[in-house]
Structure formats: structure tokens, C-alpha cells
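Heads up: the structure comes next, in C-alpha cells.
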Amino acid sequence: MTAPGRRAERTVRLVTVSPRRNRPRRDENANLDADRVRQGVASVQQWTDGAWQVRGIGAGASVKTYRCPGCDQEIRPGVAHLVAWPADGLGDLTDRRHWHSGCWRARERRGPAVQRGRGTPRY
């Protein structure tokens, strides 16, 4: 019994329970191909001008400035774009071109881009 005006003290015991994990655990020993993770997977696309290997480049992997052959504008670092090269296997690294994704999809509907030098006027 407690004296009048005093509260009884209670001991509160906290039980900690870890939350349930709803997703399956990843296999820690899974072997990932580092190039495929970093660069993506190339796919072959058929167009009227032949078959092309196309690989998407994420914004985080884009670290250099390139010139898009579709619009003749720069592709700045940090901008997602794609790289295309002939799928026939006869070319080399110089045949790869970096394109804006929209320019690549619209390249059959557009005329050829005018290639300008640095000192030429834009009219």
C-alpha cells in the first residue's frame, strides 16, 4: 500500500522487436559484370540504313562533352544519352557516335544536320 498523496511506482519493461523484412535478401556472392553495370547492355536496332548497336548512357556515367550528329548541339556531362555504332562488326571505335535520345529516334524524319566549324556564323 502506498501512503495517501504518493503514487505507486511501476516498473515498465520495454521489449524491442526488430521489424519483419518483406523483401528477399540479396545473394552477397552474386557475381556482377562491372562493365555491364556501369555501361548498360547494348541492343541491336534495325533501321532503314542498317543494323545498329545502341547502348544507353546514364547521366551519372556521362563525364565528357560530345557533339550530337542529329542536331549538331553539344551533349554536356551529366546528360543521359545513347551511343550507337554499326552492328556489322566491321567498324572500329571511331564509328561510335553519341546521340541525344530524341535525335536518335527522330533521325529518319529529319534532314541531315549541317556541320559547322567553330568560326562560322549560324545563319
Side-chain angles (χ1 to χ4, degrees):
M1 258 236 37
T2 59
R6 284 192 142 208
R7 270 203 271 177
E9 292 183 25
R10 282 189 234 167
T11 305
V12 178
R13 186 173 169 192
L14 296 177
V15 178
T16 57
V17 177
S18 60
R20 192 175 104 195
R21 179 176 281 219
N22 288 332
R23 38 180 195 221
R25 293 182 185 206
R26 258 190 245 172
D27 184 14
E28 301 298 328
N29 297 326
N31 293 331
L32 295 176
D33 185 5
D35 287 337
R36 289 180 71 181
V37 170
R38 193 182 74 222
Q39 297 177 350
V41 178
S43 64
V44 177
Q45 295 182 5
Q46 293 290 337
W47 292 81
T48 57
D49 59 347
W52 293 85
Q53 290 272 353
V54 179
R55 175 178 290 155
I57 304 295
S62 176
V63 294
K64 290 173 54 180
T65 300
Y66 300 100
R67 179 143 325 253
C68 175
C71 64
D72 198 32
Q73 299 295 315
E74 287 184 347
I75 303 172
R76 297 281 191 175
V79 175
H81 61 282
L82 56 88
V83 178
W85 65 94
D88 58 10
L90 300 177
D92 57 359
L93 291 177
T94 60
D95 292 331
R96 293 187 312 168
R97 296 288 177 258
H98 293 255
W99 291 74
H100 291 109
S101 301
C103 293
W104 176 257
R105 287 189 303 268
R107 67 192 182 96
E108 289 186 336
R109 297 188 306 263
R110 292 185 187 174
V114 178
Q115 298 292 324
R116 298 181 186 94
R118 287 189 131 174
T120 59
R122 291 194 159 258
Y123 53 86

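- For H98, the ring-ring contact (aromatic ring centres under 6.0 Å, His included) partners at least two apart in sequence or on another chain are Y66, H81.
- Partners of W99 under the ring-ring contact (aromatic ring centres under 6.0 Å, His included) rule, at least two apart in sequence or in another chain, are W104.
- Shown here are the side chain to side chain donor-acceptor pair (under 3.5 Å) partners of R105, two or more places apart in sequence or in another chain: there are none.
- Between the side chain of R97 and the backbone N or O of A84 there is no donor-acceptor pair closer than 3.5 Å.
- Side-chain heavy atoms closer than 4.5 Å link hydrophobic residues (I, L, V, M, F, W, Y) into clusters, and following such links, possibly through other members, connects W52 to L82.
- Across H100 and Q73, no two heavy atoms sit closer than the pair CE1-O, 4.1 Å.
- Checking side-chain atoms of Q45 against main-chain N and O of V54 turns up no donor-acceptor pair under 3.5 Å.
- Across all non-hydrogen atoms, the minimal contact from A87 to V44 is CB-CG1, 4.3 Å.
- Take Q46 and apply the side chain to side chain donor-acceptor pair (under 3.5 Å) test, not counting sequence neighbours, and it matches no residue.
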